[in-house]
Amino acid sequence: MKLKNLRVNNIEHPLGFQIMPLSFSWTVEEAGEAKEQQSARIRIYENVETEADMEGKKAVYDSGEVTDADSLDYSVNVELKPRTRYQWSVEVTADTKEQVSAESWFETGKADEAWEGQWIAPEQQTSSAILRKAFVYDGSAKSARLYMCGLGVYECYINGEKAGDEYLAPGYHSYDFHLQAQTYDVSALLKEGENEIEIWLGEGWFKGRLGFDGGFTDIYGDKLYAIAELYAGEECLVKTDTTWEVLESPIRFNNIYDGEVYDARQQKCRIAGAKLLQESPKECGEIFDRYSLPIKAKEIFSIKEVLHTPSGDTVLDFGQNLTGWVEFDCRISAGKGIRLTASEIMQDQEFYHENLRTAKTEFLYLSDGKEAHVRPHFTFYGFRYMKAEVVQEVRNGEDVTLRCEESLSDEEWKTQFQAVHLRSDFDQIGWIETGDQKVNQLFSNALWGQKGNFLDVPTDCPQRDERLGWTGDAQVFSETACFNMYMPAFYRKYMWDMRAEQSILDGAVPNVVPWLKRGMVAEYGACPWADAGVIIPWNVYCHYGSKTLLAEMYPGMKAWVDYQRRQEEAEGGLHLIKGGFHFADWLALDNEQPGPFGATDPLYIASAYYFRCTKIIADAAEILGYEEAPEYKKLAEEIKKAIRAAYFDESGACCSKTQTGAAIAIVFGLIEDTAQEEGDRLHQRVAENNGHLNTGFVGTPLLCPALTKTGHYKIAVDLLLNEDYPSWLYSVNLGATTIWERWNSVLPDGKMNPEGMNSLNHYSYGSIGAWMYGDVAGIREAEPGFRKAVIKPNPDARLKYVDCKMETAAGIYESHWKYEEDGSVTYRFHVPFGAKALICLPDGRTETVAAGDYTY
């Protein structure tokens with residue numbers, strides 16, 4: 001028996017995170033004959049490094065042996081000190097009396113301790129700057145910590161070595177409400193005697209270009225800022241103040257959309273007359289310990305092929321559309337450079353990136369003649385391809401041009417260049433493999449859509465001049481996201497930002513979070529974008545089972561429902577949404593009128609989501625023991641009654657006679673009494689559409705679940721396996737490695753769709769993944785966190801087999817089914833320690849089982 005996944009607030013070994021409220025979780029694996037936890041004991045120790053250090057030391061918290069310790073969410077109320085390491089242990093006793101224990105740690109950041117360091121900013125406005133300070137260290141301390149924040153984005157170096165392994169810190173958040181401080185263990189970077197610390201600053205989301213149509217700059221501030229404190233033991237060795245030096249930066253230019261220019265010939269010399277201002281970021285929130293997971297390098301790709309285009313360009317193909325950058329070993333002479341330009345697709349065998357709109361997506365490195373390992377610092381790219389050029393900088397007076405030089409050999413490109421995938425630091429917990437390789441590629445495409453777009457915020461796309469946290473995209477994909485990856489800490493930060501933005505919108509949720517308060521994305525309250533404020537927290541709770549996190553998110557959830565209630569009552573009541581702009585079934589194909597809006601009545605969709613969100617609030621309030629639960633339960637029933645009266649005929653049929661209209665009615669539970677008949681009508685509509693879907697952002701996640709729920713699983717699999725437009729496998733057949741924004745972002749001849757809005761990494765339609773986990777493999781939670789599950793697989797001979805593994809909050813579930821040569825089907829299931837499952841087979845057999853392995 002082993003204890004694994006020891007987490008504090010859903011993070012393993014959190015260093016300097018926002019730690020309150022405090023919650024612990026763990027799983028038991030390799031349990032043998034043991035089936036469930038009988039009791040557990042949790043202890044917390046202060047300022048200990050190892051298990052041996054705990055011997056004889058009094059715990060600052062000791063639960064004693066408790067029989068109701070929830071391994072999904074054990075909440076502890078204990079006062080914690082700032083800048084302090086805590087060791088914690090959990091000891092589990094199983095029903096077999098076997099005991100097992102494990103230890104882990106967490107460490108607080110600055111918390112509410114006042115900062116000794118000052119916010120400082122270079123007086124001169126620049127795209128990048130380096131701040132430097134020399135200091136002396138006597139080498140006596142056992143450990144050292146750096147607490148800091150830089151705006152827009154930053155990297156910190158001590159004696160030439162980078163602090164930490166994260167990039168693009170402090171990330172993208174609602175800076176006008178809170179600024180996030182990071183904590184780094186820099187014990188190994190200090191040396192006895194003379195030391196040097198440098199803070200490199202770039203524009204990032206804080207200061208750089210952001211938004212459509214050229215975007216805006218200086219959205220949150222017009223300067224670069226930094227604050228830092230370096231501690232050795234309890235001594236503050238260095239803190240930011242105006243005695244620091246300002247150095248010339250080799251980064252000539254940087255922003256998120258356009259890339260970076262790095263001139264290695266630029267010496268990091270002190271700028272004569274440069275002044276540092278003691279100035280806090282204006283119109284920004286206070287600085288707190290971080291919520292954001294660090295952005296890290298998670299995977300590396302070698303060049304799959306070096307392409308040479310008919311026009312003479314050299315293009316590096318990495319074989320996967322990904323988010324990150326390209327790193328390389330530079331071995332070219334001084335004054336020459338490497339220019340890389342990112343794209344997602346080739347056109348007529350030529351390099352193409354016009355679908356990225358105004359984003360230049362370039363990286364230019366100018367060599368000083370020394371060998372160096374090179375990467376960008378303050379930008380990232382969404383790409384599969386990089387046009388690669390060797391260039392020579394030519395100066396003619398004040399004019400500077402780049403002249404293309406002779407290229408490197410294919411072997412030099414392949415051996416010296418690699419792509420690095422960046423995302424927030426979460427990992428995969430769900431895997432599906434079928435006997436159909438195209439379906440497997442689709443699953444991979446949806447997974448990579450999530451990997452590429454979950455870089456501190458759930459963006460719509462990672463490549464063009466947008467990369468914003470669109471709430472609608474995040475909402476429709478959130479269930480699939482929770483199946484694929486371990487997401488609670490990521491969503492905790494996103495929902496913090498959302499609640500902050502709601503606080504100045506009377507509870508409404510903006511179209512993008514963080515909210516760009518300028519330009520076309522400044523609107524708020526549109527269905528189903530704003531419904532992310534309720535549906536994402538609910539999906540997080542259902543998947544991971546943390547009441548502590550649900551309670552933290554609940555005020556924002558309730559605020560959105562209350563906002564809608566006030567709006568609909570002001571418009572005459574009757575508990576229907578009667579007006580306002582709504583994206584509704586965005587990019588559906590069923591509207592005869594041109595444009596991106598679907599044919600399903602947007603006010604029906606908005607009212608249905610109003611019902612769904614209100615019902616979730618009622619359920620959440622009941623779970624949390626809040627007294628308003630009956631009020632919201634009653635309101636939900638009144639909304640449903642009003643919807644039935646307004647949008648369904650006397651026979652119970654939905655008046656929005658679209659695939660999406662029927663799917664909403666079935667999945668949202670608007671018509672339990674006539675769901676089967678609506679399912680039959682939905683089946684007929686799909687059949688009449690030549691067996692194809694025509695749904696958009698709303699209908700697509702609901703379509704196959706609605707068909708399956710009403711006994712039409714075969715046609716749901718038909719939709720999965722369709723290969724012509726519109727279908728999921730249409731893009732697979734055209735070589736997609738991520739999900740596209742439109743069903744036909746690329747036309748059958750390989751040309752980009754001329755209608756625009758053609759991101760090739762836009763994950764919303766990857767929401768089919770939740771149905772693959774929950775209905776094809778057949779694993780769904782019966783209780784939050786999968787403490788209880790229903791395993792109800794739906795085999796189909798066309799898929800041959802399905803192998804599914806899910807590392808849920810309760811432990812590992814597995815569901816396998818396979819068609820044998822004689823046509824029979826073999827089923828194998830695994831239920832984790834401490835869990836129970838209701839197994840339902842297609843032949844009608846049911847069995848409730850405890851932890852263990854089962855074959856049928």
Side-chain angles (χ1 to χ4, degrees), residues 155 161-162 164-168 250-251 254 256 259-262 264 294-309 313-333 336-346 351 353 356 360-368 370-391 405 407-425 427-428 444-445 447-455 462-463 735-738 760-761:
E155 292 180 0
E161 296 293 325
K162 185 177 178 297
D165 59 353
E166 66 178 286
Y167 302 98
L168 299 169
I251 299 175
N254 70 96
I256 295 297
E260 183 172 308
V261 177
Y262 189 104
I295 297 166
K296 291 190 174 183
K298 301 296 289 187
E299 298 180 48
I300 294 176
F301 289 82
S302 298
I303 294 171
K304 180 181 179 181
E305 186 177 3
V306 178
L307 306 174
H308 299 282
T309 72
D313 288 334
T314 298
V315 179
L316 312 180
D317 177 6
F318 292 94
Q320 173 65 54
N321 198 358
L322 60 101
T323 300
W325 54 47
V326 170
E327 298 187 7
F328 55 93
D329 296 316
C330 186
R331 300 168 186 167
I332 58 177
S333 58
K336 289 187 178 181
I338 298 290
R339 180 167 57 188
L340 302 173
T341 309
S343 80
E344 298 184 290
I345 192 172
M346 303 286 285
F351 179 81
H353 76 161
L356 309 190
K360 287 179 65 177
T361 64
E362 290 185 354
F363 176 57
L364 172 62
Y365 177 81
L366 295 167
S367 175
D368 60 357
K370 299 175 182 177
E371 289 192 14
H373 186 75
V374 175
R375 64 167 173 86
H377 295 73
F378 300 138
T379 192
F380 66 92
Y381 310 88
F383 67 99
R384 171 175 172 169
Y385 302 95
M386 282 282 183
K387 183 169 72 172
E389 302 166 281
V390 179
V391 296
E405 297 283 305
S407 184
L408 303 179
S409 69
D410 287 6
E411 186 62 23
E412 286 174 313
W413 290 121
K414 285 185 176 181
T415 57
Q416 297 175 27
F417 290 72
Q418 61 184 15
V420 177
H421 162 55
L422 301 178
R423 70 168 184 268
S424 292
D425 189 22
D427 291 314
Q428 189 171 351
S444 174
N445 292 1
L447 185 68
W448 271 100
Q450 181 175 358
K451 289 180 178 181
N453 279 292
F454 280 54
L455 192 148
Q463 77 295 87
T737 61
T738 43
L760 301 187
N761 193 352

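Values below: all heavy atoms of this structure, side chains included; hydrogens, waters and symmetry mates excluded. All values reported here derive from a predicted model rather than from experimental measurement.
- Counting only residues at least two apart or in different chains, salt bridge (charged side-chain N to carboxylate O under 4.0 Å, His left out) contacts with residues 315-331 comprise D317-R384.
- A perpendicular orientation is assigned to the rings of F328 and Y365, their planes being inclined by more than 60° (bins at 30° and 60°).
- Residue R339 holds its CZ atom at 10.0 Å from CG of L366, rounded to the nearest 0.5 Å.
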Worksheet item: D427 and K298: side-chain contact (heavy atoms from CB on, under 4.5 Å), yes or no, with the steps?
Response: CA-CA 9 Å; D427 291 314; K298 301 296 289 187; 3.0 Å; yes
Discussion item. I'd like to know whether N254 forms a side-chain contact (heavy atoms from CB on, under 4.5 Å) with V261, so could you lay out the CA-CA distance, the side-chain angles of the two residues, the decisive distance to 0.1 Å, and finally the verdict.
Written reply: CA-CA 7 Å; N254 70 96; V261 177; over 6 Å; no
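- Using a 4.5 Å cut-off on side-chain heavy atoms (C-beta onward), V391 and L364 make contact.
- Side-chain atoms of S367 never come within 3.5 Å of backbone atoms of K336 as a donor-acceptor pair (strictly under, hydrogens ignored).
- Between the CD1 atom of I345 and the CG atom of L356 there is a distance of 11.0 Å, given to the nearest 0.5 Å.
- Contact annotation: the side chain of F380 never approaches that of Y167 to less than 4.5 Å [non-hydrogen atoms, C-beta and beyond].
- Of all heavy-atom pairs between F318 and S302, the closest is CD2-O, 3.6 Å.
- By the ring-ring contact (aromatic ring centres under 6.0 Å, His included) test, F454 pairs with F490, Y763, sequence neighbours left out.
- When the shell of 6.0 Å around NZ of K162 is examined, it contains more than 12 heavy atoms from other residues, nucleotides or ligands.
- Counting heavy atoms from C-beta on, the side chains of E299 and R423 come closer than 4.5 Å.
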Worksheet item: So K387 and H353, side-chain contact (heavy atoms from CB on, under 4.5 Å) or not? Walk me through it.
Response: CA-CA 10 Å; K387 183 169 72 172; H353 76 161; over 6 Å; no
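- Annotation: the span from Q418 atom CD to R375 atom CZ amounts to 12.5 Å, rounded to 0.5 Å.
- Note: K296 NZ to L422 CG = 12.0 Å, rounded to the nearest 0.5 Å.
- Annotation for I295 and L455: closest pair CD1-CD2, 3.5 Å, computed over non-hydrogen atoms.
- With ring centers used as reference points, F301 lies under 6.0 Å from W448.
- For Q463 against G382, the heavy-atom pair with the smallest separation is CB-O, 3.4 Å.
- Residues F351 and A342 share a closest heavy-atom pair of CZ-O, 3.8 Å.
- Although no hydrogens or angles enter the test, the distance criterion places a donor-acceptor pair under 3.5 Å between the side chain of H421 and the main chain of T323.
- Expressed to the nearest 0.5 Å, how far SG of C330 lies from NZ of K370 amounts to 13.0 Å.
- Contact detail for Y385 and E344: the closest heavy-atom pair is CE1-O, 3.5 Å.
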Item to complete: Give the intermediate values and the outcome of side-chain contact (heavy atoms from CB on, under 4.5 Å) for residues I338 and V374.
Response: CA-CA 10 Å; I338 298 290; V374 175; over 6 Å; no
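- Remark: the backbone N or O of G452 is not paired with any side-chain donor or acceptor of N761 at under 3.5 angstrom.
- Aromatic ring pairs are classed by plane angle as parallel below 30°, tilted from 30° to 60° and perpendicular above 60°; the pair Y381 and F383 is perpendicular.
- Atom CE in M386 sits 8.5 Å away from atom CG in L316 (nearest 0.5 Å).
- Side chain of T379 to backbone of I256: a donor-acceptor contact under 3.5 angstrom is found.
- For S407 against T314, the heavy-atom pair with the smallest separation is OG-OG1, 3.7 Å.
- In this structure, E260 contributes its side chain and I251 its backbone to no donor-acceptor pair below 3.5 Å.
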